[in-house]
Amino acid sequence: AKKKKKPGSGGGGSGGGGRMSAEAADREAATSSRPCTPPQTSWFEFLLEESLLEKHLRKPCPDPAPVQLIVQFLEQASKPSVNEQNQVQPPPDNKRNRILKLLALKVAAHLKWDLDILEKSLSVPVLNMLLNELLCISKVPPGTKHVDMDLATLPPTTAMAILLYNRWAIRTIVQSSFPVKQAKPGPPQLSLKEQASDSILVLEAALKLNKDLYVHTMRTLDLLAVEPGMVNGETESSTAGLKIRTEEMQCQVCYDLGAAYFQQGSTNSAVYENAREKFFRTKELIAEIGSLSLHCTIDEKRLAGYCQACDVLVPSSDSTSQQLTPYSQVHICLRSGNYQVRLKIFIEDNLTFSLPVQFRQSVLRELFQKAQQGNEALDEICFKVCACNTVRDILEGRAISVQFNQLFLRPNKEKIDFLLEVCSRSVNLEKASDSLKGNMAAFLKNVCLGLEDLQYVFMISSHELFITLLKDEERKLLVDQMRKRSPRVNLCIKPVTSFYDIPASASVNIGQLEHQLILSVDPWRIRQILIELHGMTSERQFWTVSNKWEVPSVYSGVILGIKDNLTRDLVYILMAKGLHCSTVKDFSHAKQLFAACLELVTEFSPKLRQVMLNEMLLLDIHTHEAGTGQSGERPPSDLISRVRGYLEMRLPDIPLRQVIAEECVAFMLNWRENEYLTLQVPAFLLQNNPYVKLGQLLAATCKELPGPKESRRTAKDLWEVVVQICSVSSQHKRGNDGRVSLIKQRESTLGIMYRYDSVFSLLNFLLKSHFKFFFFFFFKEDIVNDITAEHISIWPSSIPNLQSVDFEAVAITVKELVRYALSINPNNHSWLIIQADIYFATNQYSAALHYYLQAGAVCSDFFNKAVPPDVYTDQVIKRMIKCCSLLNCHTQVAILCQFLREIDYKTAFKSLQEQNSHDAMDSYYDYIWDVTILEYLTYLHHKRGETDKRQIAIKAIGQTELNASNPEEVLQLAAQRRKKKFLQAMAKLYF
């Protein structure tokens, strides 16, 4: 039918009202030529035409599908009706509804009552309705317990209907025990678990039947519609319906019973024996039936998994090692302590790849746990199992595990012998693929390159497997790599000729001297060794002997520019060793090395002399802080004078390390030299040294902190400076590594140029001057807008150019500051709350709860005293509530709602309504002291039919100390005791 055109909207030409344009004609032709999708058959059409259902089901791809038809038929048949008084009535038992139910049964009969198909596509309530209709049409009296009926005396189709229903019941119970993600809480499921024992008894009785059974087909259902008594009559009982052989029925029932028993074994381990018997009987019946069975559909892979699990859980007493699976053999070895047999199984599995890698790793983890519990005899077994697993990994192209690298840190002859044995027995050279051989060869090469002892390298390189897998060219290349990597390692061992190009005696002498040079921290001995070495050879650079000798890049250019080779090596090594000793806090040796180096460079280089004086100043600062400074003793006046001298130094062309300036300003701040930093520091120093300027602002703000009005001015200056430091210029560019690397002009009181990369080094010394007020500067930012702290009023309330602030830099700096502060004083509850707030603001709720609880524990003797109200404020409690809520610990939420000054009943009741809670739920009821909440719990469990939980709530509410008539002191004491126990329980959970 053509649509009528609107006036004025048509042809676009002068006389074309009834004509069609060429474009429109083409479009209509293309549309009319497309094949039309046949309309979907509606459910009511099957009511109108009796033969339509069989025609529809014979189609290759019927639409709607058979299972969809079942849903539609039963949905229409179960629709409630409304009477004249507008009251909802149950579905009427009329002819229409009876035909719809019969049609649903006929579709299920077409599917041969395959529970796998029906369970996959139908919901539990729909399938329950379908099977109940089957029971009804099979003349099973309603309300009669199936366990009381004698299957042997019933007609075959009736017995089969009972079996189908009870098989489905226990299968559904087993399936419901598996963890699944529920999208949203739905209506309560059918209470099939209450009839589980009856269903099991019915199926056990079915195994004693020795006659074939019959299940309804579409033909028998049609006969029932004509004459209800015909199919189940005595004359037709042996031939009506689809024949199910006794073996097929028993096979399917045994499998379903085995799954039910296996699921019950988690609470009653003795039932595993029944499961094992049923599963192995299933295997026997499958072998008898063969693959031609239409009714018996069993997942044989899943059955094999069940059998393996039963072998492990309930090993048979008459099973031989040949009959056991590798799983069972491994577990038997674990129980008996026969580790050698298990190693043999793992090595053999490296050829067959039958055991999953995850299973092998779990065995290794179990051994590690036993070894860590004090069983030292298992250390060797752990390495051997790990070696077997590692060889399996490399054969399959996976990376070497961390555990193997840790256990192989100190190799010995026994470990290498065993590793070579495993490698040899794990590769069948005649049948192995080229990729597998390549993986093994690469592994052996990497092991060689990781060994320092050349005797062990020779053990591997001379092994038959190594020679077979690697060609001559590859072995030669490996030797060259070893020579380049470490030509001077372990030269005192008996030399292997192929690894050395110089006479053995000379190499041993040089190697011994280099070894002594690495170990010595005596400046005089270091000088003597270098003189001897330079006397033996003049072509070597001995400052490269150890890759652990590191000198800052700002110094290395000056040192390596020294023309005399001996002096260059000596200065470099003395400084490197001195810096290393300072790092490991061996300050006495560091001072000796620096003093010797200072004496040496004073003779020829004023620049290096000043460098050494600066490093000795830093060493003296570290020495004082690690020694007498820890007890609060002030540093000597000459050290303070030297620090001032360094800060005021104006020598040009002297290489300076940033860390020294940081440490000097931090030193002045830590020892409260505020007068110098605020009043006496020279003006040129403020202009040229950013650390001093920032230190002055910090000192001034600390000094004026007790007076809020005065401190706000200096705090504002400090605020502006650090905001500019943490701001990103719009004129930036990105380097190769993706980070902003622009040198930009800061329009600040510093008045100098900074790199963005230096933001963290500029603020780094703040970690060493743990002034609590500095945290609060950062906590005003939006990135941590959930954090509060004291003295926050001195800071400005807003940032004019907020979008220019690099919040990532701010967040990282705040975290580092808090981490450092807690390393200084881990029991400061304010800092613990701040750390918790940071985790809260960054959505790390479990960690936030850890620190909230720790803050309360440190100021209440682990909750044996009441937590001060200024620690657990309402704001803190609300955050703890939110953390628990987002962790789905809803019972904890309800209990914490009691901690508020005014109990938040709305939040508590809402959380208790949640059924998907990840905490101990009713085990926490003893911690509730508010009677209103307990009354609500009692009502809630009664409404849900949860009798056991309701009794726990009633028991909690019935305690005499919670009686509302008690004095206020008694009620407070009861609340305080429950607070203590709950917080201690939470601490055990989150600590």
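- Between Ser588 atom OG and Leu593 atom CG the span is 9.5 Å, to the nearest 0.5 Å.
- The side-chain contact (heavy atoms from CB on, under 4.5 Å) search around His589 returns Val521, Cys581, Asp586, Gln592, not counting sequence neighbours.
- Results of the side-chain contact (heavy atoms from CB on, under 4.5 Å) test with Leu608 over Leu598, Leu600, Ile562, Leu613 single out Ile562 as the only residue that passes.
- For Asn614, the side-chain contact (heavy atoms from CB on, under 4.5 Å) partners are Gln610, Tyr646, Met649, Ile654, Leu656, Ile660, not counting sequence neighbours.
- Scanning for side-chain contact (heavy atoms from CB on, under 4.5 Å) contacts around Gln844 gives Tyr839, Thr842, Ala847, with sequence neighbours left out.
- A distance of 9.0 Å separates CG in Asp569 from CG in Leu560, rounded to the nearest 0.5 Å.
- Residue Asn446 holds its CG atom at 11.0 Å from CG of Leu451, rounded to the nearest 0.5 Å.
- With sequence neighbours excluded, no residue satisfies side chain to side chain donor-acceptor pair (under 3.5 Å) with Glu599.
- Of all heavy-atom pairs between Leu617 and Cys664, the closest is CD2-SG, 4.1 Å.
- For Asn565, the side chain to side chain donor-acceptor pair (under 3.5 Å) partners two or more places apart in sequence, or in a different chain, are Arg568.
- Applying the ring pair (Phe, Tyr, Trp, His ring centres under 6.0 Å) definition to pairs two or more places apart or across chains, those involving residues 528-571 are His534-Phe542, Trp543-Tyr572.
- In this structure Thr583 satisfies the side-chain contact (heavy atoms from CB on, under 4.5 Å) test with no other residue, sequence neighbours excluded.
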Test side-chain contact (heavy atoms from CB on, under 4.5 Å) applied to Phe604 and Asp564, step by step
CA-CA 11 Å; Phe604 64 89; Asp564 182 68; over 6 Å; no
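- Between Arg634 and Glu673 a salt bridge is recorded (basic side-chain N to carboxylate O distance below 4.0 Å).
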Please lay out, stage by stage, how Glu550 and His580 fare under the test side-chain contact (heavy atoms from CB on, under 4.5 Å).
CA-CA 8 Å; Glu550 295 180 354; His580 174 73; over 6 Å; no
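- Here the straight-line distance linking atom CD1 of Ile518 with atom NZ of Lys577 works out to 7.5 Å at 0.5 Å rounding.
- Here the CD atom belonging to Gln835 is positioned 12.0 Å from the CG atom belonging to Asn828, to the nearest 0.5 angstrom.
- Every residue meeting the side chain to side chain donor-acceptor pair (under 3.5 Å) condition with Arg642, not counting sequence neighbours, appears here in chain and number order: Asp620.
- A donor-acceptor pair is defined here as one N or O able to donate and one able to accept, closer than 3.5 Å; such a pair exists between the side chain of Ser641 and the backbone of Ser637.
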Please test Tyr851 against Val818 for side-chain contact (heavy atoms from CB on, under 4.5 Å), starting from the C-alpha separation and ending with a verdict.
CA-CA 12 Å; Tyr851 281 98; Val818 177; over 6 Å; no
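- A donor-acceptor pair is defined here as one N or O able to donate and one able to accept, closer than 3.5 Å; no such pair exists between the side chain of Ser582 and the backbone of Leu579.
- Residue Pro655 comes nearest to Val611 through the heavy atom pair CG-CG2, 3.6 Å, listed as atom of the first residue, atom of the second, then distance.
- Between Leu832 and Pro826 the shortest heavy-atom distance is CD1-O, 3.7 Å.
- In this structure, CD in Glu603 is found 8.5 Å from OG1 in Thr567, a value given to the nearest 0.5 Å.
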Give the table of side-chain donor-acceptor pairs shorter than 3.5 Å for residues 522-530, with sequence neighbours excluded, one pair per line with atom names and distance.
unit_1: Asp522; atom_1: OD1; unit_2: Trp524; atom_2: N; d: 3.3
unit_1: Arg525; atom_1: NH2; unit_2: Gln516; atom_2: OE1; d: 2.6

Steps toward side-chain contact (heavy atoms from CB on, under 4.5 Å) verdict (Leu517, Leu533):
CA-CA 10 Å; Leu517 182 64; Leu533 287 170; 4.2 Å; yes
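- Counting only residues at least two apart or on different chains, the ring pair (Phe, Tyr, Trp, His ring centres under 6.0 Å) pairs with a member in residues 606-639 are His624-Trp671.
- For Thr623, there are no side chain to side chain donor-acceptor pair (under 3.5 Å) partners, not counting sequence neighbours.
- The only member of Arg609, Lys591, Arg657 that meets salt bridge (charged side-chain N to carboxylate O under 4.0 Å, His left out) when paired with Glu615 is Arg657.
- Listed by chain and residue number, nothing satisfies the salt bridge (Lys or Arg N to Asp or Glu O under 4.0 Å) test with Glu625 (two or more places apart in sequence, or in another chain).
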